[in-house]
Amino acid sequence: MYLAGVASSLTIIFPRPVRIPEGLPACAANASKQAGGGQERGRLPMATPRGSYPSPGRMESKRRTASGSKKPGPLFSWFVEQEFSPWSAKTHRSPNTHKRYAVSAKSLVGFCGNFPVLDLTPGLVERYKLWRLGQCGPTGVNRDLAALRFMLNFAIRLGYIKDNPVTGVKMLAEPQDRMHVLSHTEERAYLQAASRTLRDVGIVILGTGMRPAEVLSLKCEDVHLTERYALVPKGKTRAARRTLPLTENALRVLSRRIRGEWCFPSRRSETGHVVNVRKLHQQACRNAGLKFRLYDLRHTYGSRAVMAGVDLPTLKELMGHESISTTMQYVHPTPEHKLRAVLRLETYNAAERKLAVRPRAAGVYNARTAIGSRKKARSQY
């Protein structure tokens with residue numbers, strides 16, 4: 001009993017060392033020290049203050065384990081490389097979706113790779129947000145968080161964890177001035193400065209609202225000149241597979257490009273068609289003195305359609321959206337259209353005021369006439 005008491009007192013005086021995981025960034029390591037960081041792997045020992053709480057990941061491991069096992073489970077880096085990446089490459093129809101997750105996985109593995117999947121907690125995700133903000137903007141951080149949430153949902157289905165720690169983490173506010181709707185003057189200057197391939201791509205996007213990738217991967221067999229429509233056979237969602245009527249300009253461009261298998265062929269590309277026109281777009285913007293994204297041509301199509309009187313359900317089908325709320329993000333009336341709307345409102349209000357004044361004046365006049373006629377009738381008797 002005496003030796004046991006001495007051992008317990010020595011434990012209080014000399015607390016057990018806590019190890020910080022290898023590869024953890026300096027800011028995350030400092031945050032772990034301040035939070036009472038838990039017992040992790042690594043080389044740097046750190047004394048835990050008396051009365052401090054254990055690691056949040058260690059506290060929640062039993063609660064978040066689907067199988068109820070006390071084993072630490074696989075590392076996050078192993079899970080991403082061996083489980084998620086092969087599954088993502090074979091599951092997603094669009095290769096761009098897999099590439100998007102691969103880009104986010106690099107920074108996620110760099111920060112959380114040495115942690116077991118069980119030890120990923122909302123607090124660790126919050127520390128990742130602060131660390132990642134030093135490298136990119138809020139939009140990039142939100143894309144990483146969305147990718148992490150998707151990865152951990154897959155981990156739940158595999159039975160590694162029970163709930164997703166990203167669910168309670170709040171996304172960062174993104175800037176709202178990224179979308180740009182081109183005026184017709186800007187459109188003319190851009191198309192004049194663009195190369196022939198880029199000009200044709202821009203005309204098709206402005207005439208159909210197709211995504212740039214959908215235009216570049218358009219096959220000649222999917223263009224029906226007689227019926228004046230183009231077929232988008234596949235896409236990132238079920239709604240993306242649609243039939244689009246062709247405007248006169250888009251029909252003229254596509255009729256000129258129907259020669260082989262692809263409307264925009266390329267001998268240098270492994271796919272057989274042009275994959276990216278980013279450099280051509282940047283060069284055209286510099287020559288025209290403009291600054292916008294190629295995808296903004298699709299925003300321009302959606303905004304012009306609404307300003308022309310197209311209802312939102314129809315525009316949703318044309319743009320290939322799953323919901324009208326997504327379509328609303330593409331609708332941005334131009335300042336000129338807003339001015340015309342206010343002028344129409346003023347004209348309407350002025351006309352209504354005139355109609356509201358005339359009947360009242362006529363009613364007053366008729367009443368006075370009636371009173372005068374009664375007085376004359378009484379004087380005659």
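Each residue takes its place number in the sequence, starting with 1. None of these values were measured; they are calculated from a predicted model.
Pairing each heavy atom of Arg211 with each of Ala240, the nearest pair is NH1-CB, 3.8 Å. Here the shortest heavy-atom pairing between Glu186 and His180 reads OE1-NE2, 3.1 Å. A pairwise comparison of heavy atoms in Ala193 and Ala284 identifies CB-O, 3.7 Å as the closest pair.
Using a 4.0 Å cut-off between charged side-chain N and carboxylate O, Glu214 and Arg242 make a salt bridge. With respect to the salt-bridge test (charged N to carboxylate O, under 4.0 angstrom), the residues Glu187 and Arg304 qualify. Between Lys129 and Asp144, no side-chain nitrogen of the basic residue sits less than 4.0 Å from a carboxylate oxygen of the acidic one, so the salt-bridge criterion is not met. By the 4.0 Å N-to-carboxylate-O rule, Arg293 lies close enough to Asp296 to be salt-bridged with it. Note on Lys170 versus Glu126: no salt bridge recorded, every NZ/NE/NH1/NH2 to OD/OE distance being 4.0 Å or above.
Looking at Leu108, Asn142, Val141 one by one, the single match for side-chain contact (heavy atoms from CB on, under 4.5 Å) with Arg132 turns out to be Val141. Of the candidates Val274, Val275, Thr271, Val204, Val274 is the only one forming a side-chain contact (heavy atoms from CB on, under 4.5 Å) with Leu216.
For the residue pair Ser195 / Thr197, no side-chain donor-acceptor distance below 3.5 Å is found, with atom types taken as modelled. Side-chain contact of Ser266 with His273: a donor-acceptor pair under 3.5 Å is absent, judged by distance alone. Side chains of Thr91 and Ser88: a donor-acceptor N/O pair is absent below 3.5 angstrom, by distance only. There is a side-chain donor-acceptor pair under 3.5 Å between Ser107 and Tyr128. Remark: the Arg298 side chain and the Tyr301 side chain contain no N/O donor-acceptor pair separated by less than 3.5 Å. When only modelled atom types and interatomic distance are considered, Gln329 and His299 share no side-chain donor-acceptor pair under 3.5 Å. Side chains of Arg100 and Ser104: a donor on one and an acceptor on the other come within 3.5 Å.
Around atom CE of Met307, more than 12 heavy atoms belonging to other residues, nucleotides or ligands sit under 6.0 Å away. Applying the 6.0 Å contact sphere to CD of Glu352 captures more than 12 heavy atoms from other residues, nucleotides or ligands. The number of heavy-atom neighbours closer than 6.0 Å to CZ of Arg196, taken from other residues, nucleotides and ligands shown, is 12 or below. In this structure, Arg286 places its CZ atom where more than 12 heavy-atom neighbours from other residues, nucleotides or ligands lie under 6.0 Å away.
Atom CG of residue Leu206 and atom CG of residue Leu182 lie 7.5 Å apart, to the nearest 0.5 angstrom. A distance of 9.5 Å separates CG in Leu124 from CZ in Phe76, rounded to the nearest 0.5 Å. Ile161 contributes atom CD1, which lies 4.5 Å from atom CD1 of Ile156 (distance to the nearest 0.5 angstrom).
Not less than 6.0 angstrom separates the ring centroid of Phe150 from the ring centroid of His98.
Shown here are the ring pair (Phe, Tyr, Trp, His ring centres under 6.0 Å) partners of Phe292, two or more places apart in sequence or in another chain: Tyr190, His281.
When atom types are taken as modelled, the side chain of Asp119 and the backbone of Phe115 share no donor-acceptor pair closer than 3.5 angstrom. A donor-acceptor pair under 3.5 Å links the side-chain atoms of Thr347 to the main chain of Leu343, judged by distance alone.
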